[in-house]
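Step one of this worksheet: look at the structure below.
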Protein chains: 2
Amino acid sequence: MERFKDVLKASNLKSTHQRLAILDSIDQFGHIDIDTLFDVIIRKYPTMSKATLYRNINDLINFHILEEVKLPHQKQQYEIKKVPHIHLLCSKCGSVEDIFIDTKPLLEAISHQSGFIINSSFMVMNGICQHCRS
Amino acid sequence: MERFKDVLKASNLKSTHQRLAILDSIDQFGHIDIDTLFDVIIRKYPTMSKATLYRNINDLINFHILEEVKLPHQKQQYEIKKVPHIHLLCSKCGSVEDIFIDTKPLLEAISHQSGFIINSSFMVMNGICQHCRS
DNA sequence: CTTAAATAGGATAGTTAATATCTTATTAAG
DNA sequence: CTTAATAAGATATTAACTATCCTATTTAAG
């Protein structure tokens, strides 16, 4: 994952194995909570400490490399910051899907109605996924 | 606040002073975090315990009387469950406004594209409120 | 390559948030 | 009023997160 080395360098953060493992794992899972992430990483780096994990997660969030995802009734999760998308949270199987769709019309309507300048948005849909329907 | 007595009765929950104070305060604030809520209530009911507060909050959420609001980079908040609305979170003054707007077109587009059946949605807009702009 | 300064990791202890348990008090129905 | 059911309050406990300190790793310069 050379890509993440560059990402870290761009923020003057050293490319440690731990950091790369964190980014790598989150990238693979899409979104992941702290405990799962810790379990995954400790298999590869048995010395990994929770303190290091929390510290790095927070550092990476501060540099806008990671993003926290707070879903209702779920533990906080983390993901690589990428283009805007919407979370689809299935109440049956618990899966979280991402969907990319144009939200501009809605955002413009909101801005127009409220005078609020929107910099970013966060949306979660609760319901039943396609798989659980059938 | 007779209204909340009925709400509680409908769920077979006893109308204790504490519960009414919780609902009353949350209703007044719109959305409020645990610590602020505790501070507000303890002024009126000095014996109120944090355990009682947490216990009731969770009970009320389970009966769908309250709703948790998880905003990015903020402490979890709670609100009375009401009609769908969107949270506008100002990154300058930290205020949270609610806006009521038709989201049907977007939700339908999402359903259509993904096959996901949406039961409820949660949306937060991050940006600058009208007040901070001027 | 070696080396040295800067930064990060790991272990531990310490906070803070949230929950479970137990006893006393309050509510609501007859 | 009385009583059975439920809730409150106090306390202890668990879980989530953070700060500190010392050692190890990274990186850039020679």
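Naming: A, B, ... by sequence-line order, numbering from 1 per chain.
- One can place CZ of B/Phe63 at 12 Å from C1' of D/dT6, the figure rounded to the nearest angstrom.
- Close to D/dA7, at under 4.0 Å from its OP1 or OP2, lies no side-chain N or O of B/Asn56.
- No chain of hydrophobic side-chain contacts below 4.5 Å, direct or via other Ile, Leu, Val, Met, Phe, Trp or Tyr residues, connects A/Phe116 to B/Phe122.
- Protein atom CG of A/Asn12 is 13 Å distant from nucleotide atom C1' of D/dT26, rounded to whole Å.
- For A/Met48, counting side-chain heavy atoms from C-beta on, the closest listed nucleotide (D/dG9, C/dA8, C/dG10) is C/dG10.
- Distance CD (A/Gln77) to P (D/dA16): 14 Å, rounded to an integer number of Å.
- Between the side chain of B/Asn56 and the main chain of B/Thr52, a donor-acceptor pair closer than 3.5 Å is present.
- Distance A/Glu68 CD to D/dA16 C1': 14 Å, rounded to the nearest Å.
- When only modelled atom types and interatomic distance are considered, B/Thr36 and B/Asp33 share a side-chain donor-acceptor pair under 3.5 Å.
- Here B/Thr47 reaches the OP1 or OP2 of D/dG9: one of its side-chain N or O atoms lies under 4.0 Å away.
- Rounding to whole angstrom units, CD1 of residue B/Ile42 and C1' of D/dA10 are separated by 13 Å.
- Here CG of A/Asp24 is found 12.0 Å from NE2 of A/His17. Values are rounded to the nearest 0.5 Å.
- Straight-line distance from the CG atom of A/Leu20 to the C1' atom of C/dG9: 14 Å, rounded to whole Å.
- A tilted orientation is assigned to the rings of A/Phe100 and A/His85, their planes being inclined by 30° to 60°.
- A donor-acceptor pair under 3.5 Å is formed between the side chain of B/Thr16 and the backbone N or O of B/Arg19.
- Side chain of A/Gln77 to backbone of A/Ile32: a donor-acceptor contact under 3.5 angstrom is found.
- If you take CD1 of B/Ile22 and C1' of D/dA7, they are 11 Å apart, rounded to a whole angstrom.
- As a whole-Å value, the separation of A/Lys5 NZ from D/dT26 P is 9 Å.
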Could you encode protein contacts along nucleotides 13-27 of chain C as a string, one character per nucleotide from 5' to 3', using B for base contact, S for sugar-phosphate-only contact and - for no contact, with a heavy-atom cut-off of under 4.0 Å? ----SSBB------B

